[in-house]
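First up is the structure itself, then whatever we jot down about it.
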Amino acid sequence: MDINDLKKQINDRFENSPIQSSAFYADPEDQLDNQKKLRVTLKSFIETQKITTPFALQIMATHSDITIMPLGLLDLNELKEWEDKQRKESGVTYGTTDKKEGTPLVIQFESHVKDTKSDRQILNTYTDDLFNHFHDTFNNEIWPVVIKYLNENQTILYNLEKRLVEESNEIKDNTLKQLKKMSKDEIKEKIGMDLEEAQWDHYSNYIADMSQVNSIIVSSSTFTKEQILKDKVFTQMMNIAQLRNTFFWILDNTFNEIIFFYIQAYGAVDPKLKKHLHSIRKNLATNMRNAAWKRCNDIIEDQKKFDSQKFFTDVFLPIAENLEVEIDKFK
């Protein structure tokens, strides 16, 4: 095959072709549900599209995103380099119709945390395998790589929550030390109420918890304001599908960071409490989404100015307070 013909064939695969895209949020705990969502999404794609259709399926996780796509979608040179390598090694370009239709599939793991490297894997399977041998391709090639990356994401989440718990313990210890140095009158003046010595431990725990919850809220609200909203008004942001979806992804992330902080802080020393917190997680997530959606509608309908810090505080502080109550009741 002439090299110019090869280049034209590669270019024709992607250039001037609409990219079919889809995304869903991966539950940090329910891998069976994640597998089902991924299977249904890919199955729907192959039933409505052609082998040559450019596509990108994105799985949004708490601190990363995972994208499934054909090689060359993001960088055409990658596909050219891959085909040059294949031709040199075997004399055959496997991505062409003389051997295979379509191109190799790629799964890319993009970490959102500085200390964790991103990664990508070119699969030993092609878009025509996805269309013609869906069951085996999904079970043997795609899902094992996706679950590996989802587990890496869980490790990131666990390490971040572990660090939050360590910082929380330091805040609690410092609060207790300060209380021990103060008289009853000084304590009342500082915190606005009487606090018996028997209540110091509980109060210090609460202050430490709220400090970490607040740091999560501030981080999320700042990211929303600076990276998503920018100079747009709230209605504009919500009318752009990509920005709206990212905004709700941040809401889910914020919720999961908060509840897994409590699970790590209290469940690590009490398995029954850990199980209880896991059991109420989905209901609390539904409540959070409903509250957030209502506030979004109120802002749009009443044409209010969007205050990112206030929005996140109003949505997530009740969630944290609810968790504090549940932990106290359980104890």
Determine, for Lys172 against Asp201, whether the closest basic-nitrogen to carboxylate-oxygen distance falls under 4.0 angstrom. yes

Can you find a heavy atom in the side chain of Met60 that is under 4.5 Å from one in the side chain of Thr246? no

Applying side chain to side chain donor-acceptor pair (under 3.5 Å) between Thr62 and each of Asn153, Thr254, Asn256, Asp252, report the one that passes. Asn153

Residues passing the side chain to side chain donor-acceptor pair (under 3.5 Å) test with Lys184, sequence neighbours excluded, are none

Mind checking what makes ring-ring contact (aromatic ring centres under 6.0 Å, His included) contact with Tyr149, not counting sequence neighbours? Phe109

Does any donor atom in the side chain of Ser221 or Gln309 lie under 3.5 Å from an acceptor atom in the other side chain? yes

Atom CG of residue position Asn151 - does it have more than 12 heavy atoms of other residues, nucleotides or ligands inside 6.0 Å? yes

Would you please name every residue forming a side-chain contact (heavy atoms from CB on, under 4.5 Å) with Ile191, sequence neighbours left out? Ile187, Met193, Leu195, Tyr203

Report, as yes or no, whether the 6.0 Å neighbourhood of atom CD on Glu166 holds more than 12 heavy atoms from other residues, nucleotides or ligands. yes

Under the side-chain contact (heavy atoms from CB on, under 4.5 Å) test, residues paired with Ser44 that sit two or more places apart: Val40

Cationic N near anionic O, under 4.0 Å, Lys177 to Asp173: no

Check: Thr127 side chain, Thr103 main-chain N or O, donor-acceptor pair, under 3.5 Å: yes

I'd like to check Leu251 versus Trp293 (side-chain heavy atoms, cut-off strictly below 4.5 Å). Are they in contact? no

Under a 4.0 Å threshold between the charged nitrogen and the carboxylate oxygen, would Asp33 count as salt-bridged to Lys37? yes

Would you confirm whether Thr313, through its side chain, and Lys310, through its main-chain N or O, come within 3.5 Å as a donor-acceptor pair? no

Ring centroid separation Tyr126 to Phe131 under 6.0 Å: no

Less than 4.0 Å between a side-chain N and a carboxylate O, is that true for Asp30 and Lys36? no

How about Arg289 and Phe248: do any of their side-chain heavy atoms sit closer than 4.5 Å? no

So salt bridge (Lys or Arg N to Asp or Glu O under 4.0 Å) across residues 217-238, not counting sequence neighbours, yields none

Audit row: Asp65, His112, side chain to side chain donor-acceptor pair (under 3.5 Å) steps and yes/no: CA-CA 8 Å; Asp65 58 77; His112 300 160; 2.8 Å; yes

Does Lys43 have any side-chain contact (heavy atoms from CB on, under 4.5 Å) partners at least two apart in sequence or in another chain, and if so, which? Ile46, Glu47, Phe134

